[in-house]
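To start, the structure under review is shown below, and the notes come after it.
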Amino acid sequence: MANDIRVRYAPSPTGLPHIGNIRTALFNWLFARHHGGKFIVRIEDTDRERLTPGAVEGILDGLEWLDIDWDEGPGVGGDYGPYFQSERLPRYQEAANRLIGQGDAYRCYCTRERLARARAEQERNKQAIGYDGYCRNLTDEQRRELEAEGTPSVVRFAMPDSGVTQLHDLIRDDVEWRNELVDDFVLIKSDGFPTYHLAVVTDDHLMRISHVLRAEEWLSSAPRHLQLYRALGYPPPLYGHLPMILGPDRAKLSKRHGATSILEYRDDGYLPDALRNFMVLLGWSLDDKTEVMPIATMLENFTLDRVGKPAAIFDREKLSWMNGVYIRGMDAEELADAMLPHLNRDLPAELLPVDRDYLLRIAPLVRERLKLVSESADMTAYFFEEQPEYDPANLVQRGMTQEETAAALRNTAENLATADFAAPVLEELLRAASEELGLTPRRFFGTLRWAVTGRNVSPPLFETMEVLGRERVAPRLQAAIDRLSGNSGAG
RNA sequence: GGCGCAUUCGUCUAGCGGCCCAGGACACCGCCCUCUCAAGGCGGAGAUCAGGGGUUCGAAUCCCCUAUGCGCUACCA
């Protein structure tokens with residue numbers, strides 16, 4: 001039975017997928033992998049007007065970035081293709097014709113104007129809004145006439161006007177709708193393309209989809225789909241409607257909520273593993289305390305009974321925290337590789353290319369300070385710069401005089417002229433100097449930090465100096481001395 | 001307006017009748033560590049379990065009503 005499990009992610013290339021979208025893909029993928037089933041990707045490109053160039057590539061890139069692989073679909077093929085709905089038109093046409101022949105569907109010649117008027121009328125009268133069934137009872141003669149005139153038409157499904165449609169949802173249990181309250185929805189648009197409803201039912205059947213896991217926004221469509229299955233004589237799949245993901249304003253996620261595309265998260269410095277871990281927690285939980293977990297744990301434990309019902313609000317702060325957790329869990333190689341693309345993008349061109357061996361030594365120093373990999377350039381620029389820019393006034397720490405500061409710098413320059421540039425050695429040396437100079441470590445190291453990094457915040461001083469090396473530290477100390485005594489215009 | 005779904009700390013959540021006068025995490029506050037910033041450790045504040053009725057010896061957990069939020073209500077998905 002497990003091997004019959006086939007689920008799909010069926011994005012519409014009308015834009016780039018956002019978090020909610022990808023979360024649905026993630027859940028389907030986890031479900032398939034957990035049960036040893038198949039995960040299929042199908043592109044629902046039936047809306048020619050909203051088709052967005054590059055969207056398919058963006059969707060696929062996003063999945064790949066997150067390491068979500070598919071068994072059938074674009075690029076990999078499969079036994080039930082094609083996997084683009086725009087290449088499957090005859091199948092929908094055939095289904096629609098069959099339904100018309102059976103009396104379960106009919107051609108509708110209503111103009112958009114008439115539809116709009118009817119809707120406005122319904123709104124005015126506070127009636128249920130929906131297609132009024134005008135064309136449902138056209139006589140054969142009327143239809144022949146309309147056809148002869150070449151009137152454009154759509155195909156509508158004839159919903160039963162009595163009875164109820166019941167769904168046993170895998171996540172929401174039993175839900176039912178009175179059929180008379182569901183209107184005759186469109187199956188085939190006037191351009192000959194199917195609507196989502198017809199296409200999804202036809203393809204899920206043809207592709208042997210066993211479980212449909214989709215966002216809750218589709219719950220209202222379930223009775224339509226169930227009725228279509230009935231009319232077509234197909235056994236329906238099992239449904240599970242996943243909780244939605246809302247923006248901070250509690251509204252459905254959209255462009256207004258910042259980063260829309262999953263790929264933007266990559267550019268913003270999030271790690272795929274962190275994002276995936278964060279997303280799995282949006283509507284699913286392992287237990288009462290485990291949040292950070294490797295993919296293997298998710299795979300092993302992902303079951304629908306642990307998927308929740310309430311919609312979740314997407315909290316970027318927690319995502320950032322988790323990203324930091326993942327960054328801290330990387331070794332120097334991994335972190336360096338993650339930082340490199342951001343450095344190449346953000347560092348001034350003259351500082352490129354970055355020496356990877358050097359980066360390998362820098363990475364551990366910033367590891368526990370990075371929340372986003374995109375902060376790499378900001379946080380490490382002074383490692384690459386010839387001479388960091390800063391206001392010399394910063395060298396003089398609160399409670400120190402300019403003379404003291406200059407003396408401290410000169411002392412250090414001398415001290416380090418021949419010193420072994422290893423953190424423990426530097427620390428011993430400089431702590432002793434701090435005492436000799438009668439300066440608190442806070443002040444003394446504060447001055448040195450400015451001189452060496454050009455900042456008031458950096459990784460631990462001695463480690464930083466070790467990585468920078470004498471060849472970079474010595475000139476910076478000299479520059480600081482010069483700046484302090486006004487001997488140099490630099491600054 | 002109609003239909004549907006949902007409702008536990010600000011947020012993500014644990015809880016599927018007694019272990020809960022509700023546990024964990026993010027964020028927040030304090031202390032410790034400390035050369036700065038982080039990270040880390042410890043502690044704190046924060047939820048009358050939306051409200052009201054039931055059922056039960058016993059309810060966050062089951063039922064009903066109300067309220068609120070969200071979704072759908074397109075020849076979009």
Side-chain angles (χ1 to χ4, degrees), chain A residues 10-15 44-47 49-50 108 110-112 115-116 119 122-131 152-156 169 171-172 175-178 181-183 185-191 193-197 199-200 214-223 241 243-244 246 248 250-252 278 281-292 305-306 308-322 324-325 328 366-371 379 427 430-431 434 440-450 453 455-462:
Chain A
S12 175
T14 53
E44 311 225 322
D45 54 349
T46 56
D47 184 349
E49 285 172 26
R50 295 200 309 158
C108 166
C110 293
T111 62
R112 288 173 196 265
L115 260 19
R119 195 160 24 243
Q122 289 166 337
E123 268 177 56
R124 243 197 324 283
N125 300 337
K126 300 212 180 299
Q127 289 172 296
I129 293 166
Y131 183 60
S153 66
V154 301
V155 176
R156 283 183 188 275
D169 191 89
I171 291 162
R172 275 148 229 284
V175 186
E176 58 177 52
W177 297 263
R178 288 165 61 193
L181 297 175
V182 180
D183 72 352
F185 55 98
V186 173
L187 256 20
I188 301 274
K189 301 178 250 187
S190 57
D191 63 3
F193 276 68
T195 58
Y196 169 78
H197 305 299
V200 81
R214 53 168 31 164
E216 197 205 320
E217 57 188 306
W218 295 109
L219 187 57
S220 309
S221 298
H241 287 89
M244 305 241 309
L246 276 20
R250 306 194 76 64
K252 193 171 159 178
F278 178 74
L281 261 15
L282 257 27
W284 177 84
S285 62
L286 174 59
D287 55 30
D288 58 341
K289 45 184 59 102
T290 313
E291 295 199 315
V292 177
D305 59 321
R306 292 210 61 86
K309 302 187 221 216
I313 292 174
F314 174 60
D315 178 14
R316 212 176 236 273
E317 285 209 75
K318 187 157 181 175
L319 203 211
S320 293
W321 161 77
M322 189 166 281
V325 171
R328 274 169 251 136
V366 296
R367 179 163 42 207
E368 53 200 37
R369 274 156 266 266
L370 274 177
K371 262 214 167 80
M379 201 164 278
E427 173 155 17
L430 293 171
R431 282 201 188 279
S434 167
T440 60
R442 188 186 181 88
R443 286 180 182 136
F444 184 40
F445 298 154
T447 293
L448 296 184
R449 171 169 285 107
W450 271 106
T453 70
R455 322 203 168 181
N456 61 341
V457 168
S458 82
L461 228 208
F462 317 115

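Every chain is numbered from 1, with letters handed out A, B, ... down the list of sequences. What's counted below: heavy atoms across the whole structure, side chains too, no hydrogens, waters or symmetry copies.
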Between Asp315(A) and Lys318(A), is the closest basic N to carboxylate O distance under 4.0 Å? no
If I take atom CG in residue Asp288(A) and atom C1' in nucleotide rC19(B), what distance separates them, rounded to the nearest angstrom? 13 Å
Have a look at [X] and say if it touches a base, only the backbone sugar-phosphate, or nothing, with a 4.0 Å heavy-atom cut-off.
X	answer
Pro310(A)	sugar-phosphate
Leu282(A)	sugar-phosphate
Arg367(A)	nothing
Arg214(A)	nothing
Arg112(A)	base
Cys108(A)	nothing
Ile313(A)	sugar-phosphate
Met322(A)	nothing
Thr46(A)	sugar-phosphate

I'd like a list of close polar pairs between nucleotides 3-5 of chain B and the protein, N/O only, cut-off under 3.5 Å.
| residue | atom | partner | partner atom | Å |
| --- | --- | --- | --- | --- |
| rC5(B) | O2' | Arg172(A) | NH1 | 2.9 |
| rC5(B) | O2' | Glu216(A) | OE2 | 3.0 |

For His241(A), run the side chain to side chain donor-acceptor pair (under 3.5 Å) check against Glu216(A), Arg214(A), Lys309(A) and tell me which one passes. Arg214(A)
So which nucleotide does rU36(B) pair with, by the Watson-Crick or G-U wobble rule with both distances under 3.5 Å? none
Do other residues, nucleotides or ligands put more than 12 heavy atoms under 6.0 Å from Arg328(A) CZ? yes
